Amino acid sequence: MPDMSASVSLAMTQLVPLAEVDENKVTPGVLGFIVFAAMALAVWVLMKSMSKHMGKVDFKEKDTRGGEAGTAPDDEATVAGTAGKTSGEAKAPQG
């Protein structure tokens, strides 16, 4: 069995120059990575939630007159007769 300490010491001598820290260089470090990862996770959760909620939305317009959505009324006189009236106006009594 080969001597493990020789290979470990060789690996450590190769990695030591990579581990040197320049005191004049500012890096985000571990805290910056944690904050960035938390923000990325939050965005992912929000996008997943938005996708689920958008799946529940019904994009078809509901007709308040009781007919099918998106169809034209059959009686043109009804449309012409109610075109000038607003919903707040009361009918004048006949007679």
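Any value given below was found using the heavy atoms of this structure, including those in side chains, with hydrogens, waters and symmetry copies removed. What you see is a predicted model, and the numbers here were worked out from it, not measured in a lab.
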Connecting only ILVMFWY residues whose side-chain heavy atoms lie within less than 4.5 Å of each other, what is the rest of [X]'s hydrophobic cluster?
{"X": "Met39", "result": "Leu31, Val35"}
{"X": "Val45", "result": "Leu41, Trp44"}
{"X": "Val30", "result": "Ile34"}

Ignoring hydrogens and angles, write down the donor-acceptor pairs under 3.5 Å from the side chains of residues 48-58, residues two or more places apart or on other chains.
from  : atom 1 : to    : atom 2 : distance (Å)
His53 : ND1    : Ser49 : O      : 2.8
Asp58 : OD1    : Lys60 : N      : 3.4

